[in-house]
Amino acid sequence: MIYGENMDILESLNESQKEAVLATEGPLLIFAGAGSGKTKVITHRIAHLIREKRVPPYKIFAVTFTNKAAGEMKKRISSIIGGSGDDVFVKTFHSASVYILRRFGEQIGIHPNYSIYDTSDQESIVKAILGEMNIDVQKYAKRVISKISEVKDKAELIEGADPYAFLPKEYAVNYAEIYDEYNKRLRAANALDFNDLLIYAVKLLRDSPEVIEALQNKWSYFMIDEYQDTNRAQYMMAKYLAAKSRNICVVGDDDQSIYSWRGADISNILNFEKDYPEAKVVKLETNYRSTSYILDAAYSVVKNNRTRKDKRLNSFRGEGFMPVYCETNNEYGEAEFVVNTIRRLKREENLQYGNFAVFYRTNAQSRLLEDTLRHEAVPYRIIGSVKFYERKEIKDIVSYLRFVVNPCDTASLDRIINNPPRGIGARTVEKLKETAYAEQMSEWEIIDKDINIDGKVNKGLKQFKEIINSLINLYVGVPDKISLADFVEKVITVSTYRKHLEESSKTDSTGKEHDRLENIDEFINSAIEYEERTDNPSLEEFLQEISLLTSEENPENKQAEAVTLMTIHNAKGLEFNTVFLTGLEEGTFPHANSLNSDAQIEEERRLAYVGITRAMDRLYIISADVRRQFHQTVYRQASRFISEIDNELLERTRYTSAGSSSYSDYSESYSPVSGSAKRVSGGAKFSSQYSRGDLVKHPKYGNGKIVNIENSGDDTTLTVSFPGSGMKVFIEKYTPLVRI
DNA sequence: ACCGTCGCCATTTTT
DNA sequence: TGGCGACGGT
């Protein structure tokens, strides 16, 4: 929809949506069911504040859960009211914290060049501590980290409660001691983890009259999205900020709370009316997204939860198609059923690949789906699996940058000191750490001052010192003398990282090393983009910003016309014409780890609810009798969520894959079973110099037979079956195939 | 002492 | 599948 300058902001809203938009003063709680136009209400409410109530845009503070949602919201506000929408403060809680700390952090000893530690940095710190304490690193590192996060999620540090009371007591592992040591090392490294960002921001708000006054004067209208997913610290941040104006509007849906494992506290939304007795409550109960069959199915699942406010969405749309439950023999059958159905619907119903989404509970499940789509030449994109900024090569470069900015950053130092290899081994690093500890200096000071750690001067360390020092000299000139992007380029060359990658890509036949080079160039692009869109760009800010980024938002989906694959968690807030919910088996979904607690089962059920309600027109729920996990084959029972759906709401079917348990078997004997999934190159609006059944030769795979020819976009693709290597798909115009 | 290779291991969800 | 530790070669 295009919004004209004079469009009435209220025009396209229903009664309760209008009510929510107009209630601008005082606390407001909006229960927004799935698909009820929540984002529309938030953006229109902000537009209304600005245009009708004459609230300056910069007085409005809005937080969402993900960067993507924040970006989306900004865009939509601007599309209603034009450019001034850019001045609304729209961020995530974490990036809002970064904003607060950048301005006021010095008050509590947080210098603006601090590093933000993600899970892998945390791991490196915790592993070091456990190693020194002679604790089984393998076994405990993950557990310790999750315990540390758990304590911090509860924000016990802020409220003065005893954090140790929340740590487990095990004779082999002293959690309290590790916890203290961990925090000590983060402070020494001038680093904050994700939780610290929130905690320290809240501390400032609570303890510094100057800060709270400045910020309460800065913002006077607050909007918080996904309120059911806020944790303790986020709750407190909102509370402190809005304490003066009390113009706080929270939006959420207890049925869609799926982040309790990350400290989200559902009682934050359920208790809002206690916190703000004068609060107005608006319920958005008309669903514009899904047909009533789908909504009824969703309701029949979620109503089994005990800890929820009962409510039921009305569909604005008609009855629609009955959801389909397909039982398959194994995960191959599941993947084939998905592909066949996509093909059929695309052809018969004139749908596009972009109309389809495939959801799964765990990322590991994506692999076979992905393989099958690729083999069948169905374009797809995966959201959120390997995050761009978590790729090894990106983290390496970021670590160089972080270290130059903040030379106390030991996690970064550990990463780069011998990367690329320069002859600094584990023993040397160990001695370096010992010396640093003995001298009460940072490791960098030891290196920089040529302090003797080993009876002889280490050549590698000397080399490393020169690299870092020359980069520090350049860094002083950023961004005036040297642009940020050029500096990043310098880091990549001076560190010899690029050279090293180029060399290893020569001998690498998989092309992986070459991909790494491309990713590095992509990273330079992201630095250029940052510089272009920022008024006062700084390396520090750039680094902190990307630490909070989770990729998809940046390297754009180059293929818009593609099937979307993602975890259900990632699907929140999205909608698709047709949704496949895969792996509906006890142990897969609900996940095995959640099976023995009611609270966790309820969260899994909410997750199912979120998944189902993403579908607009068609919903397919799939289970497999047998699924191979890790190394073994497990027999699975259909998920309880399926039996919770009323019988008359589900069309049942079964699909059996001709393939058995290994992919090569599958390729050899693959033949589509479903009658509607004939693999003909129908329509044939494209031309090919091959026909089905032709025998061809490939330089690497040898002789094979063409089993399918299809037009995907502009290209003609050939699917060839090789006796030795299974099925491969080629784009005809690039293929090295020769007819024999 | 470091570097590369081999084989073993484990995998919920993520700002 | 790939990340990580152990091991043996340089």
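The model shown is predicted, which means the values in this text are computed figures rather than measured ones. Sequence lines set the chain letters: A, B, ... in the order given, protein chains first and strands last, and positions in each chain run from 1.
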Report yes if at least one side-chain N or O of [X] is closer than 4.0 Å to OP1 or OP2 of [N]; otherwise report no.
{"X": "A/T567", "N": "B/dT12", "answer": "no"}
{"X": "A/N570", "N": "B/dT13", "answer": "no"}
{"X": "A/N363", "N": "B/dT14", "answer": "yes"}

Rounding to a whole Å, what distance do you find between A/M566:CE and B/dT12:C1'?
-> 17 Å
Taking OH from A/Y389 and P from B/dT15, how many angstroms apart are they, rounded to a whole number?
-> 14 Å
Hey, does the Lys NZ or Arg CZ of A/R103 hover above the aromatic six-ring of A/Y99, less than 6.0 Å from the centre and inside 45° of the axis?
-> yes
Using a 4.0 Å heavy-atom cut-off across all strands, classify [X] as base, sugar-phosphate, or nothing.
{"X": "A/R427", "value": "sugar-phosphate"}
{"X": "A/I424", "value": "sugar-phosphate"}
{"X": "A/N418", "value": "sugar-phosphate"}
{"X": "A/F65", "value": "sugar-phosphate"}

Can you tell which of A/K572, A/R606, A/R308 makes a salt bridge (charged side-chain N to carboxylate O under 4.0 Å, His left out) with A/D255?
-> A/R308
Could a donor-acceptor pair under 3.5 angstrom be found where the side chain of A/R361 meets the base of B/dT12?
-> yes
Would you say the base of B/dT13 and the side-chain of A/R262 have a donor-acceptor pair closer than 3.5 Å?
-> no
Could you tell me which residues satisfy ring pair (Phe, Tyr, Trp, His ring centres under 6.0 Å) with A/Y259, sequence neighbours excluded, listed by chain and number?
-> A/F65, A/W261, A/H569
Check the interface with nucleotides 2-6 of chain C: list each N/O to N/O pair with the protein under 3.5 Å, or write none.
| unit_1 | atom_1 | unit_2 | atom_2 | d |
| --- | --- | --- | --- | --- |
| C/dG2 | OP1 | A/K512 | NZ | 3.0 |

For DNA chain B, determine which residues of residues 580-598 of chain A have any heavy atom closer than 4.0 angstrom to one of its atoms, and list them numerically.
-> A/H591, A/N593
Closest non-hydrogen atom pair between A/A189 and A/N406, with its separation | O-ND2, 3.0 Å
Minimum-distance nucleotide (side-chain atoms of A/R367 versus B/dT13, C/dT1, B/dT15) = C/dT1
Output the single nucleotide from B/dT12, C/dT1, B/dT13 whose closest atom is nearest the side chain of A/Q600.
-> B/dT12
